[in-house]
Every structure is written in C-alpha cells, then in structure tokens.
Amino acid sequence: MEMPPKNNREMRKSNPQNSAQKAARKKNAILRYSLAGSLIVVGIILLGVALARLAGVSFGASTVQEKPISAVLTMAQQHKLKSVSLSGNDVTATAADGTQIHAVKEEGQPVTPFFTQNGVTVDVQDPQSGQWVQGLEALVLILLVVGSMVFFMRRSGGMGGQAAPFARSKAKRFSESRPSILFKDVAGVEEAKMELQEIVEFLKHPARFTQMGARTPKGVLLVGAPGTGKTLISRAVAGEAGVSFYSVSGSEFVEMFVGVGAARVRDLFKEAKDHSPCIIFIDEIDAVGRQRTNSGMTGNDEREQTLNQLLVEMDGFDKETNIVVIAATNRPDVLDPALLRPGRFDRRVMLDKPDIRGRLAILNVHAKGKPMAQGVLMEDLARQTAGFSGADLANLLNEAALLAARNGLTEIQKPHLDESILRVMAGPERKSRVITEAEKSIIAYHEVGHAIVMRSVPGADPVQKVSAIARGMALGITVQAPAEDRYLLRRSELLAKMAGAMGGRAAEEVIFGDITTGASQDIEYVTGIARRMVCEFGMTPLGNVALKADADGTNPFSAETAAKIDAEVSMLVNQAYDTALNILREKKEKLIEISEHLIQVETIDGVELDSMLFAA
Ligand code: ADP
Ligand code: ZN
Ligand code: MG
C-alpha cells in the first residue's frame, strides 16, 4: 500500500548484467583456478621434499652409496674405512678413497667397539639432535613453500614488476568486441553524444589532434543513474569509430584473488595497446576508485593497488597511444580526486533521466519491430512515464510485447502498455497472494484514501490508476502521474504530496478507527520530504541554512539545532496527516462508495476515479 513517488523511483534497480560482464567474470574464475593450480603443484613438490627430508631420505647425495651394515663392517676389517659417524642406527662411513657409505645397523647391535678395534675413528651423534636438525630442515622447507606461495600471489599484483607468468598465460581474458551500435541507437541524450563525438574523431583520426599539438583525450567519466545508457553510449562510441571495445567492471577487480587486481589492470592495458585504437570501458569505477582514506587499518590495500595501477597506466599514455578509457559511475561524489586530475578522467559527461522528448525518442527506438495497435501513441506513453530511465522504457515495451504475445495477439494494445508501466514501477501483479476479505477491504480503503487526498489538495496531479491487487512488494498501488516533468517543486506542492501519502493511513483511521502496518513506506516517504524541507530546502522557520550532515556523518550544527530539526520534521508530518484526515472525514461518503467499488473491480483508472469523486 505504498505510494510510489514518481520522482523517487528507486524501488526498481535495473541492473542488467550484460553477458560481457558475465563472460569476464568466468574468465576471472579460470585465471583464479589456473593460478591456484600452479601454486598447488609447486607447493606439493616442495612439501614432498620437506617430508622426504623429515623421513631421512637424502637428496643431492649421489656420492653416498647405500650398503648393508655387514659390508661396512667388512670394509672396516679390511682397513678400507677412515671414519664412521653414528646417529642412532644410521651409520655413515667415509672410505679411505673418500667415498661416503650409508648403512643401517640393527637396533641394539653394538658396532662402536668393532670399529675402534679396527682403527676407525667413531663419531657418535645424539640421534635426538639429528632428528631435530632434520625437523628444522623440514620446517625451513615448509616455510619456503608458504613463503613462495605468498610471494607469487603478491608479486602477480605487486608494485611494479612482471606478473607471474602463469597469471598471464590465458590468451584472451578480457571481453573484446566490435560493437555495431551507433549513436542513432542511443536516443534522447543529444548533449552527451555531442561531447563524445570528439572522442570518436580522435579514435578515427588521431593525427589531426597530434598535429595541432592538442592534448589527446584519455579518459571520460560517464555519470548517470542505472539504466540511463552509460554502457550503451560507450559501445556506440566504439561503433561510430569502428574500434575494439574492452569492457571490465570495477567490482570484478576488487572481488578477486588477492593481488590480482593490479595485474589484471596491467594485462588489460597491455592487451588494449596491442589492439589499439580501442576503448577500454570500466563499469562501476567507484568500486576501485573510491576516495583513499588516511586511516591506517583499512584493509583496502588491494583496491588501492588496483587504483594506483590504473593511474600509472593512464599516465603512461603518450601521443602515440590511441586508447580512450571510458569509466561509468552513478557515484561521482565518492571518487578519489586523483582520478579526476587533468590527463586522467578529466572529461565528465552526464546522462540524465530523459525528459518527455527524450522518452519519446527512446520509445521510438525500442518500438521498432514491435507492431502497435491502431491508436496507440508513443506520445501518450512518454507522458505517462515521467521518471523512467532508458532501461525502464526498453523494459516496458518488451514487457508489453510479451503480454500481447501471451494473449495470442499480433499487436501491442493499450492495456498491455498500461499493465507494463505498472510492472516496471512495482513489479508484476501477485494475484496468487492469499489475502483475506478483511485485509482486501483495508487495502482498498487505504488506496482510495491516497487517491482522494491526492485529488483534493490544491495543485494536485491527476491520478492514473488505483489498484487493490498486490504487486511486487506493495499490497496495493495508487499511481499519480505528474502532467509534465518537474525540476522545481513549490512548497505547497511538497505539502500536497505529503498529505497524499498520508491519505492511506488516514482512511484506515476514519473508517476502521484503527491503523495498520501498511503505511510504513508512506511514513518513510513523508518523513524524507519533511526532513529535506527543513535541512536542504530552507522551507521552515529554521531558515535558509544548510543543515545536512557532513559526508562523514557528523552534524555541522549544535545539539539544540538537531532537536529543533526533529521538532520541525514531526510537525510537518503531523500537519500532513491532519490535512488528510480532514479531507477524508469531509468526503467519507465518497471514500466508502469508491472503496466498495474498488473491492469489486480491483482496479480503477483516473477517469473513473474522477467521475465518481466529482459527481454531484
Ligand atoms: P547503464 O549502463 O547506464 O546502467 P545501459 O546502457 O546498460 O545503462 O542501458 C540498458 C538498456 O537500456 C540499453 O541496453 C538500452 O536497451 C536501454 N537504453 C538505456 N538508455 C537508452 C537510450 N538513451 N536510448 C536507447 N536505449 C536506451
Ligand atoms: Zn499507502
Ligand atoms: Mg551499465
């Protein structure tokens, strides 16, 4: 029963994991396994050596002959031995000609007197200490094994130096493609295209830039919410220029095996250089490029090394390097300033959510090849989809096509589009959800309460749809569509939005005299607006003072001010609730009539709502 705020549609995180990313991830896995595999082999060999030593087997001693103890005793008798060393039952003899002979005597067999009688010097070693020495040897070897493992891991990602050979043995580990997408496939972002046209020119005709002594473009930061077409437009730059496109994701670097991130960056740039001119696309750059902290205990070593390597690679570009690195993020505020310095990502291209003309253009791109029924106008659809991203719009048309096909139709009709808008906003209907009659009644009154208040406050936007069917996370839904895209909101409009959002709970109170948990989203939404009115918009008696918490979470104001803020916020919220209560008490008859109708039909549209609400 939440009210989906049109300008605040964060509920749907469109995060299409493209197959390129998946492929790259798979390749990481292969790399990881091959690296780990090599280490395991090396480890097993060294461990084997260590254990063999521990067991008393000697290596590299080809001059030591193994003989039965009787043979050694015979040699002593024949005066062929110089000296003998005893350690437990181990007998190591040095022959007159210098050769070493090893034999094992039996437990308790006395040999020392026999040797001394025959003039052979006997050196008796404490077998305990001998084992101890061997143990130490083994320990050293084991340390060596562990040490070399760590060494290889660190080295393959270390500060400079070559990656371990096995880290680069896989021939193609980066997703390379030659996109056929062109600028004409990316709609509604004309400014971004204009700015990126220069990159296209550079990749096509680098000489023109170098001849003029102009600094060649190296890095572009694409900033925009998810689904605004960052990946798409980057691919289009490659498509327009006819160059290769390398794509990696920042999060891949960080989640990887220790020390591999930096090595991967190095390999990526090396491979890109071999295939230049080309574009390197780094999605989610904020995953690696977050501001470095000075606080010691970060454990972010890995990420920092990766970031440093990226900076080193970009600084290493010279006039001959025909590579442009395009990075995408929706959090430019968290990026390390080092990334944004001249010669790095010094160009910033913004991709906004499209306005009505942009939406129309995007809809037209994606409507190609999808037959629409007579009378379906993309203009109407564009008007109804304020706040939708490009990905949302693509999704919407795709859903509509699927619905039409499921109904055995060959054309997309208006109801399919209407349903798809709601799906994109709140998820598919969940008719299977078991809802009792009593609950259904509460949900219907709650939603109609929203709708009536929304239509009754001054400056209200039209209501598009009221539904008592569960959809996604919501039990019911009331959709209010602004008549146009809005960039500025008046104080009175914010108050109207807050009252509308409180209409659900107010209806429960007016009709049932009790309230439910169904309003939690509404409350969150209203509180959010109230707090921003106080702290950001300067719309309360606290005045035109910025009262936002600092980036590190500390409040740049006194405790008294904090208390005043809280008081203002709750006053605004209470006012909104009172406004809603007053409207619904006054229109209680309409509330009952429309809600009972909604219980029967489950969904009513804006026209029907208005005709019932405003009928005499
Ligand atoms: P981002 O990388 O910003 O999250 P994507 O580039 O992955 O967004 O966009 C996802 C999909 O949405 C694209 O493949 C395309 O189908 C559609 N889309 C997004 N923006 C546009 C646009 N401006 N024009 C046409 N289609 C778009
Ligand atoms: Zn609600
Ligand atoms: Mg993307």
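Hydrogens, waters and symmetry mates are skipped; everything else that's a heavy atom, side chains included, is used. Note that ligands are numbered from 1 as they come in the structure, with each ligand's atoms numbered from 1 the same way.
The Zn ion (ligand 2) lies closest to atom OD2 when only the N/O/S atoms of D522 are considered.
There is no side-chain donor-acceptor pair under 3.5 Å between E596 and Q600.
Angle subtended at the Zn ion (ligand 2) by H450 NE2 and H446 NE2: 90°, rounded to 10 degrees.
Within the 4.0 Å heavy-atom criterion, neither part of D283 lies near ligand 1.
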| said: Before you tell me yes or no, could you show the steps for K587 and S456 under side chain to side chain donor-acceptor pair (under 3.5 Å), namely the whole-Å CA-CA distance, both residues' side-chain angles and the distance that decides it to 0.1 Å? | reply: CA-CA 10 Å; K587 302 192 176 171; S456 304; 3.0 Å; yes
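A donor-acceptor pair under 3.5 Å is absent between the side-chain atoms of H416 and the main chain of L403, judged by distance alone.
For ligand 1, the polar-atom distance check against G229 finds a nitrogen or oxygen pair separated by under 3.5 Å.
Look at E447 and the Zn ion (ligand 2): no N/O/S atom of the residue is under 2.8 Å from the metal.
L393 pairs in a side chain to side chain contact (heavy atoms under 4.5 Å, CB included) with only one of the listed residues (N398, I362, L381), which is I362.
Residue contacts with ligand 1 include G227, since one or more of its heavy atoms lies under 4.0 Å from the ligand. Close to ligand 1: H366, with a non-hydrogen atom less than 4.0 angstrom away.
Within the listing of ligand 1, atoms 22 (C), 23 (N), 24 (N), 25 (C) sit less than 4.0 angstrom from a heavy atom of I362. Interface atoms of ligand 1 facing P226, defined by a heavy-atom separation under 4.0 Å, are 4 (O). Residue A187 approaches ligand 1 through these ligand atoms, each under 4.0 Å from one of its heavy atoms: 22 (C), 23 (N), 24 (N), 25 (C). Interface atoms of ligand 1 facing V186, defined by a heavy-atom separation under 4.0 Å, are 23 (N), 24 (N).
Using a cutoff of 4.0 Å between basic side-chain nitrogens and carboxylate oxygens, K414 and D418 are scored as salt-bridged.
Remark: R532 is not positioned above the aromatic ring of F537, lacking an NZ or CZ atom under 6.0 angstrom from the ring centre and at most 45 degrees off the axis.
F281 has its ring centre less than 6.0 Å from the ring centre of F245.
Taking all heavy atoms of L393, D185, T231, N364 into account, the minimum distance to atom 7 (O) of ligand 1 is reached by T231.
The stretch residues 503-522 participates, sequence neighbours left out, in these ring pair (Phe, Tyr, Trp, His ring centres under 6.0 Å) pairs: Y445-F512.
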